[in-house]
Amino acid sequence: MTIVVFRAPRGTADRLPDEQKYWRFIEARAVGVAGRFGYGRIDTPAFEDSNLFVRSVGEGTDIVEKEMYTFEDRGGDSVTLRPEGTAPVCRAYLEHGMHNLPQPVRMYYFCPVFRYERPQAGRFRQHHQFGVEALGDADPSVDAEVIEVAWELMGSLGLRDVNLLVNSIGDGDCRPAYVERLRDYYAGHQPRLCPDCRERLERNPLRLLDCKVETCRALGDEAPRSTDYLCDGCREHWDKLAGYLDVMGLPYTVDHRLVRGLDYYTRTVFEIQPPDAGGQSTICGGGRYDGLVAQLGGRPTPGIGFATGIERLTLNLKRSEAPVPDEPSPRYLVANVGENARTAALELAVKLRRAGVGAILSSGSRGLRGQMRQANALGIPYALILGDDEILKGEVVVRDMIASAQQSRPLTEFLAEAGGG
RNA sequence: GCGAGCGUAGCCGAGUGGUCAAGGCGCCUGUCUGUGGCACAGGAGAUCACGGGUUCGAACCCCGUCGCUCGCCCCA
């Protein structure tokens, strides 16, 4: 192997030209869907004041405890590479007084996020998310809308075999009581819990529900369900949301084990998973976070959103047979034979490009045969051939690589046509 | 943070102690003196991850390091 001195940092990846078509496709579709629902793009900095994430994501969460890229900058401030997209958007909402805009304020983002994790299939230290946030309206119809955006995105990408899971985890009024019921229930079965779950029993009983160990799963089937312990407000919200989802005809399943790892979620939570649910299978996750903005120091402002992982979407696009359009290649390769012709070919290529037409000059010391091979290998649809004969006559040979047909045309005539189109 | 597997040219991949290492893809050239996709022939490209050890001798055995992959945890 060639000795490589530098390599991309662990958990990061170069995105080579061959990979780009997936990204372009996903971004184009995501932007299209978001636009149809009236969401406007927002870009926030790659790093923020560390406290923004400590306050929002939650002090006890894994993200804050052991996954953040936090460092002191040269001025002595603690900054953190964005580990998720929601908190920065909420910060921007507050900072720019967006409560004065018509509510809800609908925004989407497309950005890299950073978490110091152990890399694995579908998990990276730098990954990219497309996400959507609707801030300032607590109505369940907004929940339904956001879920529909997520669902539409999957459809628009051609990802058909995905499952939409929905749940409500209540709010500050009803969740504490539910969590206690859950704790009591599991405490009664402590001997059958896996070691991790015994730990969770103390720290975060909700997490007991999505344990993957078989015996724990069995217990989870019989466990108290959050939707049975909702307060009146959450109950009404949940019922209305379900009604809206029914009206929209979204094929959702209520999954009472669905909980989320970030502290700020309230009421509605949802996920989209591909059928072959492996370890890192979730391609979209989101929920409502009515307490978050207030927690960041703003007036109480409801919000709901979701994020998708672009790397995971790409993975699923490759697995599925969903058609992904190729990146466009230049229309012309300008082949040439002889020194005079090379100069003429350069001029021709320049003229085409300045007219906005894709053209590359066949390079260097290659014979015409080699140049044609190259046109073929690059998937270029037309080869233009210039040699001494053509120069003398002021012509150019235009070869259609797909039809294997060619004709000689006056150069000026060709340029007038090609440049115009 | 815990557990497992793996590391041979750009990519895939044979080779499990004895001529400084097969084959395939890709790349370049020629057969075809100005023409691609096929075929044939040739060529370039490998300190066999790195370091140490065992041995007369190591890609192959042992130890360490690094990296990658997979699972858990967690999450998109």
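Here the structure is a predicted model, which is why all the values come from computation and not from measurement. FYI, side chains are in, hydrogens and waters are out, and symmetry mates aren't considered; it's all heavy atoms of this structure. Chain identifiers are assigned alphabetically (A, B, ...) following the order of the sequence lines, protein sequences preceding nucleic acid strands; residue numbering begins at 1 within each chain.
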Taking the six-membered ring for Trp, are [X] and [Y] parallel (under 30°), tilted (30 to 60°) or perpendicular (over 60°)?
X: A/Tyr116; Y: A/Tyr69; value: perpendicular
X: A/Tyr382; Y: A/Tyr332; value: tilted
X: A/Phe110; Y: A/Trp23; value: perpendicular

Let me know, please, whether A/Gly309 or A/Val213 comes out on the 5' side of the other along RNA chain B by nearest nucleotide.
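Upstream on the strand: A/Val213.
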A/Asp210 or A/Tyr116: which one's nearest nucleotide on RNA chain B is closer to the 5' end?
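Looking at RNA chain B, the more 5' nearest nucleotide goes with A/Tyr116.
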Regarding [X], tell me which of base, sugar-phosphate or nothing describes its non-hydrogen contacts under 4.0 Å with the strands shown.
X: A/Gly131; result: nothing
X: A/Thr61; result: nothing
X: A/Glu271; result: nothing
X: A/Phe306; result: nothing
X: A/Glu390; result: base
X: A/Ala121; result: sugar-phosphate
X: A/Ile283; result: sugar-phosphate

From [atom1] of [X] over to [atom2] of [N], roughly how many Å is that when rounded to an integer?
X: A/Glu133; N: B/rA76; atom1: CD; atom2: C1'; result: 13 Å
X: A/Met372; N: B/rC38; atom1: CE; atom2: C1'; result: 16 Å
X: A/Arg257; N: B/rC75; atom1: CZ; atom2: P; result: 17 Å
X: A/Asp62; N: B/rA76; atom1: CG; atom2: P; result: 12 Å
X: A/Glu65; N: B/rC73; atom1: CD; atom2: P; result: 17 Å
X: A/Arg125; N: B/rC68; atom1: CZ; atom2: C1'; result: 13 Å
X: A/Gln126; N: B/rC75; atom1: CD; atom2: C1'; result: 16 Å
X: A/Leu313; N: B/rA76; atom1: CG; atom2: P; result: 13 Å

Partner nucleotide, any strand, of [N] [Watson-Crick/G-U, under 3.5 Å]:
N: B/rA22; result: none
N: B/rG7; result: B/rC66
N: B/rC2; result: B/rG71
N: B/rU16; result: none

Is the backbone N or O of A/Tyr289 less than 3.5 Å from a side-chain atom of A/Arg267, with the two atoms forming a donor-acceptor pair by type?
no
Which value, in whole Å, describes the distance between the [atom1] atoms of nucleotides [N] and [M]?
N: B/rG18; M: B/rG57; atom1: P; result: 15 Å
N: B/rC25; M: B/rU65; atom1: P; result: 40 Å
N: B/rC38; M: B/rA4; atom1: C1'; result: 47 Å
N: B/rC72; M: B/rU29; atom1: P; result: 49 Å
N: B/rA44; M: B/rG34; atom1: C1'; result: 27 Å
N: B/rC61; M: B/rU16; atom1: P; result: 10 Å
N: B/rU33; M: B/rG37; atom1: C1'; result: 22 Å
N: B/rG67; M: B/rG26; atom1: C1'; result: 25 Å

Out of [options], whichever nucleotide has its closest atom nearest the side chain of [X]:
X: A/Arg118; options: B/rU35, B/rC75, B/rG1; value: B/rG1
X: A/Ser404; options: B/rC27, B/rC74, B/rG36; value: B/rG36
X: A/Gln374; options: B/rU35, B/rC74, B/rC28; value: B/rC28
X: A/Thr282; options: B/rC75, B/rC73, B/rG37; value: B/rC75
X: A/Asn376; options: B/rC27, B/rG37, B/rC74; value: B/rG37

Would you state whether a donor and an acceptor, one from the side chain of [X] and one from the base of [N], lie under 3.5 Å apart?
X: A/Arg369; N: B/rU31; value: yes
X: A/Gln120; N: B/rU69; value: no
X: A/Arg123; N: B/rC73; value: yes
X: A/Arg10; N: B/rC66; value: no
X: A/Arg399; N: B/rG36; value: yes
X: A/Gln406; N: B/rG36; value: no

Electrostatic pair [X]:[Y] at N-O distance under 4.0 angstrom:
X: A/Arg41; Y: A/Asp43; answer: yes
X: A/Asp326; Y: A/Lys21; answer: yes
X: A/Glu117; Y: A/Lys66; answer: no
X: A/Glu48; Y: A/Arg91; answer: yes

Strictly below 4.0 Å: does [X] bring a side-chain N or O up to OP1 or OP2 of [N]?
X: A/Arg260; N: B/rA76; answer: yes
X: A/Arg373; N: B/rC27; answer: no
X: A/Arg366; N: B/rG30; answer: no

Hey, are A/Ser408 and A/Glu390 close enough side-chain-wise for a donor-acceptor pair under 3.5 Å?
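Per modelled atom types, A/Glu390 and A/Ser408 side chains form no pair under 3.5 Å.
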